[in-house]
Amino acid sequence: MCNNILQYAHVYAWAMEHHRHSLSMRFAYKYPYFRIGDTKYHHFLFYLLGKYSAKLGLLPTVTFDEGCDVKAKEAEMLTHRHLMVEGWYVRFYDLFIKYKDDIRQLFAFHDDIEQKTAALLAPHQSTLKLGVHVRRGDYARWQGGKYLYNDEQFIGIISQFVALHPDRRVSIWVCGNDPDLDREAYRQALGSNNVHFPAGNPGEDLCLLSHCDYLIGAPSTFTLVASMYRDLPLYWIMDAQEALTHQSFNTFNHLFKHII
């Protein structure tokens, strides 16, 4: 989902810069959590129209593969009034930053998701809120399992974060895709009143993380997009043995240029 947000946001920013209209194929029919789904043309009919127009060769396609010449691809885009843009390596970083506020509005959450998040966080407004994303599943294979961290490693890093803020009560919000997460281990190590497991759908979890004060997780576009909404400090765990410091956290504007 968040890969698709970032991919389309680059194209959207380019289109804004060149006074073009754009449509996200993915968000025309999937991930019904965001306001983009309520905008003009974002519905299943236009998804089908775009998909089969490209398949039949009626719509020219520009593909951004790994290592492609982005400038050359952009020049090709400018030669067409209507086209399909595909590929995970479409990148217009400067334009993304220029139109980031528009992108955040486009991917604002629906009111019911915001309201649910507000209700969850309301009793904890005085705390320092740490959002933690436990990514497992496909991470057992991705990059050879390099960023697959166990509960003990996450607990150790969270404990270091708590130690960095001795004068604040920290509420810890753990989201993730592992049904076997050892919740009891987190409660015992961090305090049952301090750690929470919202277990929402992907949109609800993303929204909740976006309302935290700090974010921690394995390198993932999920935490990256969560940080985008309010420019939250984000720590990507590159090495679970590395000590956590205040300087470990970075910004969206830096990290989104270094997606692994």
Side-chain angles (χ1 to χ4, degrees), residues 1-6 8-9 12 24 26-39 42-44 100-138 151 154-155 158 161-162 165 168-187 190-218 220-235 252 256:
M1 179 178 76
C2 290
N3 287 336
N4 284 284
I5 289 175
L6 294 175
Y8 175 62
Y12 172 82
S24 167
R26 188 71 67 176
F27 290 93
Y29 76 98
K30 198 174 184 180
Y31 307 126
Y33 314 118
F34 310 98
R35 291 182 181 170
I36 185 175
D38 304 325
T39 59
H42 278 94
H43 52 76
F44 193 64
K100 189 166 69 171
D101 286 341
D102 298 275
I103 292 165
R104 287 190 279 216
Q105 287 299 313
L106 190 66
F107 286 98
F109 299 95
H110 282 149
D111 289 345
D112 60 325
I113 294 178
E114 287 284 3
Q115 289 163 7
K116 181 176 180 179
T117 296
L120 284 172
L121 295 179
H124 308 277
Q125 288 304 308
S126 64
T127 68
L128 186 66
K129 293 177 283 297
L130 172 65
V132 179
H133 184 234
V134 178
R135 180 72 178 264
R136 304 247 171 85
D138 59 329
D151 292 319
F154 271 104
I155 290 169
I158 295 168
F161 178 87
V162 174
H165 301 88
R168 296 289 305 274
R169 179 181 175 185
V170 179
S171 62
I172 302 142
W173 301 84
V174 182
C175 302
N177 64 344
D178 184 1
D180 298 320
L181 187 78
D182 190 348
R183 289 171 169 79
E184 190 56 33
Y186 286 83
R187 294 188 181 103
L190 303 165
S192 58
N193 293 326
N194 299 326
V195 62
H196 311 274
F197 304 93
N201 62 41
E204 291 167 347
D205 280 354
L206 185 66
C207 182
L208 187 141
L209 291 176
S210 78
H211 283 279
C212 290
D213 300 303
Y214 288 84
L215 297 173
I216 289 176
S220 166
T221 56
F222 202 86
T223 47
L224 183 62
V225 170
S227 74
M228 176 189 74
Y229 285 93
R230 292 171 181 81
D231 294 316
L232 301 178
L234 167 60
Y235 174 52
F252 172 85
F256 95 122

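All values below were derived from every heavy atom in this structure, side-chain atoms included, with hydrogens, water molecules and symmetry-related copies excluded.
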Please name the pair of heavy atoms, one in [X] and one in [Y], separated by the smallest distance, quoted to 0.1 Å.
X	Y	answer
Gly203	Ile113	O-CG2, 4.0 Å
Gly131	Leu209	CA-CD2, 3.6 Å
Lys129	Ser171	CG-OG, 3.3 Å
Thr223	Ile216	CG2-O, 4.3 Å
Cys207	Thr117	SG-OG1, 3.3 Å
Pro198	Asp205	CB-OD1, 4.4 Å

Pair Tyr8-Ile36, side chain to side chain contact (heavy atoms under 4.5 Å, CB included): steps then yes or no: CA-CA 11 Å; Tyr8 175 62; Ile36 185 175; 3.6 Å; yes
Are [X] and [Y] packed together at the side-chain level, in the sense that at least one heavy-atom pair is separated by less than 4.5 angstrom?
X	Y	result
Ser210	Phe109	yes
Asn194	Val170	no
Leu121	His196	no

Basic-acidic side-chain contact under 4.0 Å: Arg35, Asp111: yes
Salt-bridge present (Asp231, Lys100; N to O < 4.0 Å):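 Yes.
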Ring geometry between Trp173 and His124 (parallel below 30°, tilted from 30 to 60°, perpendicular above 60°):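 Rings of His124 and Trp173: perpendicular, as their planes differ by over 60°.
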Parallel, tilted or perpendicular: ring planes of Phe252 versus Phe256, cut at 30 and 60 degrees: parallel
Is a side-chain donor or acceptor of [X] paired with a backbone partner of [Y] at a separation under 3.5 angstrom?
X	Y	result
His42	Ser24	yes
Gln105	Asp102	no
Asn4	Arg26	no
His110	Phe34	yes
Asn177	Arg136	yes

Roughly how far, to the nearest 0.5 Å, is [atom2] of [Y] from [atom1] of [X]?
X	Y	atom1	atom2	answer
Thr221	His133	OG1	NE2	9.0 Å
Glu204	Leu120	CD	CG	8.5 Å
Tyr31	Cys2	OH	SG	9.0 Å
Arg187	Asp182	CZ	CG	9.5 Å
Asp213	Leu232	CG	CG	7.5 Å
Phe197	Ile172	CZ	CD1	9.0 Å

Sub-6.0 Å ring centroid separation between Phe161 and Tyr214: yes
Reference residue Phe107; test ring pair (Phe, Tyr, Trp, His ring centres under 6.0 Å); the match among Phe27, Tyr229, Tyr33: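 Option passing the ring pair (Phe, Tyr, Trp, His ring centres under 6.0 Å) with Phe107: Phe27.
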Working for side chain to side chain contact (heavy atoms under 4.5 Å, CB included), residues Leu206 and Met1: CA-CA 10 Å; Leu206 185 66; Met1 179 178 76; 4.0 Å; yes
Test log, rule side chain to side chain contact (heavy atoms under 4.5 Å, CB included), inputs His211 and Arg230: CA-CA 8 Å; His211 283 279; Arg230 292 171 181 81; 2.8 Å; yes
